[in-house]
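Throughout, protein chains are lettered first and strands after them, A, B, ... in sequence-line order, and every chain is numbered starting at 1.
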2 protein chains.
Amino acid sequence: MSPLALRTRAGQIRRMSSTANQLAAVAACAGDPARANILATLMDGRAFTAGELSGAAGVTPQTASGHLARMTEAGLLSVARQGRHRYYRLASPHVAQMLEGMLVVASEGLPPEKFGPRTAAMRLARTCYDHFAGRLGVSIADSLVAAGHVVLSDDGGTVTAGGRAFFARTGIDLETHRGGRPACRPCLDWSERRYHLAGVLGARIAASCFEHGWVRRRPRERTVDVTPLGRKRFREVYGVQIEEAR
Amino acid sequence: MSPLALRTRAGQIRRMSSTANQLAAVAACAGDPARANILATLMDGRAFTAGELSGAAGVTPQTASGHLARMTEAGLLSVARQGRHRYYRLASPHVAQMLEGMLVVASEGLPPEKFGPRTAAMRLARTCYDHFAGRLGVSIADSLVAAGHVVLSDDGGTVTAGGRAFFARTGIDLETHRGGRPACRPCLDWSERRYHLAGVLGARIAASCFEHGWVRRRPRERTVDVTPLGRKRFREVYGVQIEEAR
DNA sequence: ATGACGTTTCGGAAACGGCCGAAATGTCGC
DNA sequence: GCGACATTTCGGCCGTTTCCGAAACGTCAT
């Protein structure tokens, strides 16, 4: 660690600020291909073992261990030891939101087909930290906006009065959410280039879908599988037609 | 550039994804102290010349030039040539939002006094891309929330019906904003650890304050100065008491 | 034209950081 | 206790990156 090493220079705006150095430290953590792959893998909100993540990063366990330690130290990851495994996950929703923002910037200026997820299953339905993304996520968001249950814009979103009643009917609880009115956040889907629902609302919708067995996680994947029951219910409840996967 | 270099390995989750590599490329751009200082300087939304930015980064103009070229290439910056100067600015609001997210993560886990802006003027009032931050920004947000003009939560924010009337009265136009209802976005202030207003609403408020001469930019600084008129009007309109700077 | 200034390009030197092999630590199952 | 497994630590190799000096390019002023 070089101790700030300020070089004075005439006519400068502002010398090396310590907040910028912290920014650099955090950004550098995500700025390595191996670490970026680990972070992208953890973006679905689940916890993975060090070994699994070393595979995802394409490096040996020793190397991954160093990366994981560094990211944990930097506050990006949190670790839970369980037996001889160590489960790593994103340290906080703020980290997920930061990665979201970086993915949005990374996807700009590149043709979608060169950037987005390559597999059809990924494009169809996947999780993004704690909510749905892909065509499933975008379709649900579109349907809710069309029905007037939520309002989405670049800057944010809201659940309308009608929306609150709708979600109460469909068994999605938004009333227990602290901070007064329930809100939702738009998350720019980098494969669809469209908004889907993040925030508390997105998380509760996804949780509810898992709970009712409408969708299932695929093993060792970030993609999710819509069950036959789910296809039926998505059509009935949201008016969303889910294509058959594969 | 190494051409993907996949190493196959048994039991792995998912090999090196190209989206993660793009993520790494963007993150690496911000992951260097000199570049992070440049980005932090540009976070106030203005454009600076290459020379000014080299001073802010604490490196020679040659070095800064390379950094600026790289960030422009990566889509983080845009450049406008004007005479013998080249003005660099953040390429898009998405980039500002990404940096916002990184600053929030960078500020977590560090005591505020070790992280935040050091100068009193910075803590008091500064710009954050296109809106106010610091105590000024937080106070305005608090006041609007207390008056019931806006609702803020972790996930987003809204302008209430009463708020729309209030802003119309105070000469802040929100009706010409596309996308139906005006929305606002909470921006976590890393010095105050509190939310202030970003998004269209935050930008319009700041623009209006500059326009009416309530605040002025300080030369060569990211801080803003509240004029005597501004102190009076902030008290009258928002009920916000602005401390005398210095 | 000439000189001053802002900016970029090119060169090489030095430092940093990632990677793996080998080995140590800790945990589970028997 | 003893192997098998998951994970971490240590040491050294090697590629990458950053940095600056020197020089070239473009623009403005005289």
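- OP1 and OP2 of D/dT27 both lie 4.0 Å or more from every side-chain N or O belonging to B/Arg86.
- Regarding contacts with the backbone of D/dT8, a side-chain N or O of A/Tyr88 is found under 4.0 angstrom from either OP1 or OP2.
- Listed pair B/Thr60 / D/dC20 meets the phosphate criterion, a side-chain N or O lying under 4.0 Å from OP1 or OP2.
- D/dT18 atom P lies 11 Å from atom CD1 of B/Ile38, rounded to whole Å.
- Closest to the A/Arg84 side chain, of the nucleotides D/dA4, C/dC20, C/dG6, is D/dA4.
- When rounded to the nearest whole Å, the span between CD of B/Glu73 and P of D/dT17 equals 14 Å.
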Derivation of the side chain to side chain donor-acceptor pair (under 3.5 Å) call for B/Arg217 and B/Thr127: CA-CA 9 Å; B/Arg217 284 195 187 277; B/Thr127 49; 3.2 Å; yes
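- Closest contact between the side chain of B/His85 and the listed nucleotides C/dG6, D/dT18, D/dA6 involves C/dG6.
- Relative to the side chain of B/Gln62, the nucleotides D/dA22, D/dT9, D/dT18 differ in distance, and D/dA22 lies closest.
- In summary, B/Glu192 and B/Arg123 do not engage in a salt bridge, as defined by a charged side-chain N under 4.0 Å from a carboxylate O.
- No hydrogens or angles considered: a donor-acceptor pair under 3.5 Å links the side chains of A/Ser191 and A/Asp189.
- Relative to the side chain of B/Val59, the nucleotides C/dT8, D/dT9, D/dC20 differ in distance, and D/dC20 lies closest.
- Rounded to whole Å, the distance from CZ on B/Arg35 to C1' on C/dC16 is 13 Å.
- Under the 4.0 Å criterion applied to side-chain N and carboxylate O atoms, A/Arg185 and A/Glu100 are assigned as salt-bridge partners.
- Listed candidates were C/dG17, C/dT8, D/dT7. Nearest to the side chain of A/Arg70 is C/dG17.
- Here the P atom of nucleotide D/dA6 and the OH atom of A/Tyr87 are 11 Å apart, to the nearest Å.
- The distance between atom CG of A/Leu68 and atom C1' of D/dA6, rounded to the nearest whole Å, is 13 Å.
- Residue A/Arg81 places none of its side-chain N or O atoms closer than 4.0 Å to OP1 or OP2 of D/dA6.
- With D/dC19, D/dT7, D/dA22 as the choices, the nucleotide that has an atom nearest any side-chain atom of B/Thr63 turns out to be D/dC19.
- Summarising the geometry, the separation between CG on A/Leu77 and P on D/dT8 is reported as 11 Å, rounded to the nearest angstrom.
- In this structure, A/Asp44 does not pair ionically with A/Arg222, as no charged nitrogen and carboxylate oxygen lie closer than 4.0 Å.
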